[in-house]
Number of protein chains: 2
Amino acid sequence: MNISKLEFDTEARPTIAKRIAESLRDAIVSLDLKPGDAISESDIAARFGVSRQPVREAFIQLAEQGLLRIRPQRSTEVVRISIRDVLNARFVREALEVAVVRKAAAECANMPADTFEDLFREQMAASDANDYRAFHARDDAFHRLIAKLSGNEFVWKLIDAQKVQMDRVRYLSLKLGMPATIREHRDIGEAILSGNPDLAEAQMRKHLRKIDTQIHQIRDLNREYFQEE
Amino acid sequence: MNISKLEFDTEARPTIAKRIAESLRDAIVSLDLKPGDAISESDIAARFGVSRQPVREAFIQLAEQGLLRIRPQRSTEVVRISIRDVLNARFVREALEVAVVRKAAAECANMPADTFEDLFREQMAASDANDYRAFHARDDAFHRLIAKLSGNEFVWKLIDAQKVQMDRVRYLSLKLGMPATIREHRDIGEAILSGNPDLAEAQMRKHLRKIDTQIHQIRDLNREYFQEE
DNA sequence: TGCGGGAAACTGGTATGGAAGTATACATGT
DNA sequence: ACATGTATACTTCCATACCAGTTTCCCGCA
């Protein structure tokens, strides 16, 4: 037996800071922590039963993702949703997703026709059950799968980073348009499997740009969560 | 006069952590800190005359940019250049730059014909003087200007983040092809000003993809800086 | 009643000490 | 000569203490 190539995952033990960051991110995206809320290092530290240091590192990370605004000596607050920032994130995400979906469509030769079927079925089930969490998880999984099929799964990390800016809007739109989303995913999937990059690109752009119109409705219904601009 | 809304740049007072991070990034990109070098919090802290905490935060930031590898309880080292990572960064950068250059070309209507002239002249001067620092600064300025012209200057932040993965290769290629670069920039500029998105896209892709062939030469000349893969 | 003034209670930023884990040199026993 | 145990000197991660601004609020005063 050749043992020389054995390795185990050295990143397996996440630090407290990372866990805190993840937990806070979930809380922010799910609007458990509301836009505009002020939080402090010591407050969160006490709530988690840890010291300020790892919390501080989590804050810094979330601030870089644009979810927190750290004002030294003043406060740290959950940033309000900015239409501008959401659209900027959408622009970047679109550029990236178009690139990968085109590649996926171009290299579809050896893909089985039922590549997406499991995902679609699960997502429809989630939709019928009004299980938003599962629905969104499957939504992400679909987009991630496309990146993987294109041979550029690493791009998902960036798409995901952009997505956080859009996730709160998506959360607020909840019941709006779950069936429509599934239909759009089907269109994208078919375009990929038919090996048509141009069509896949068009469908993807159409899918992603729906947020441009949705966001204004969402803001009008949730003014207090949005930045005045 | 309403003074209540006045604000000055609250980011004006950079923290020690941010300054350390920037300084280290420069050192890494310019190969002053060599790929594979091990550094420690206390070591760097002593060298800068500060405590370990801000250094630690700088380390974390650089690790997220993919420049450092933190192995808890073991060491922190400057990551070796990975051809795979460089090409991944190039893929992302290309997707973003194509998106902005197309928009720039499409909205070129009211751009004066000499928009890029100053930059080109300065870059040629830097090339003649063999001033690599100035040359690369102008190079960045050109790409950044395109993003700005497209109305999406914020994309530059992301392009810049991807670029660090390519910067060390660029640094190693130094004298290679400065005139060629200027020529490519001219082609891109002309395509934009002539309002031809397709041509602008093609020129941009050609420009960015030169690294794909360069990188293998660079690696063969600097094996010790590259990851075995 | 309205308005300063200033102490006190916050905030985030930095410094420092200790805990837990790992690498390495070296002694020890066979 | 060669494994194996162990002391020691690192490393990062977390906790604690202190510092320097900022905000809040209450008290004294007009």
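In the text below, chain A, chain B and the rest are named by the order of the sequence lines, each starting its count at 1. For the numbers below, each heavy atom of this structure counts, side chains included, while hydrogens, waters and symmetry mates do not.
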*Asks:* So that I can tick it off, tell me whether A:Arg56 and B:Glu57 are bridged by a salt bridge, with the cut-off set at under 4.0 angstrom between side-chain N and carboxylate O.
*Replies:*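 A salt bridge links B:Glu57 with A:Arg56.
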*Asks:* Let me have a per-nucleotide readout for nucleotides 6-14 of chain D, 5' to 3', with B, S or -, counting only protein heavy atoms under 4.0 Å.
*Replies:* -----BBBB
*Asks:* Does a side-chain N-to-carboxylate-O contact under 4.0 Å join B:Lys163 and B:Asp140?
*Replies:*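 The answer is yes: the pair qualifies as a salt bridge.
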*Asks:* Check B:Ala89 against B:Gln165 and note the closest heavy-atom contact, atom names and distance.
*Replies:* CB-CB, 3.8 Å
*Asks:* So, B:Ser30 versus B:Asp32: side-chain donor-acceptor pair below 3.5 Å or not?
*Replies:*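 On atom types as modelled, these side chains do not qualify, holding no pair under 3.5 Å.
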*Asks:* Could you check how far CD of A:Glu77 sits from C1' of C:dG12, rounded to whole Å?
*Replies:* 14 Å
*Asks:* For B:Phe120 and B:Phe142, run ring pair (Phe, Tyr, Trp, His ring centres under 6.0 Å): C-alpha distance rounded to whole Å, both residues' side-chain angles, the deciding distance at 0.1 Å, then the answer.
*Replies:* CA-CA 9 Å; B:Phe120 290 159; B:Phe142 175 71; 5.6 Å; yes
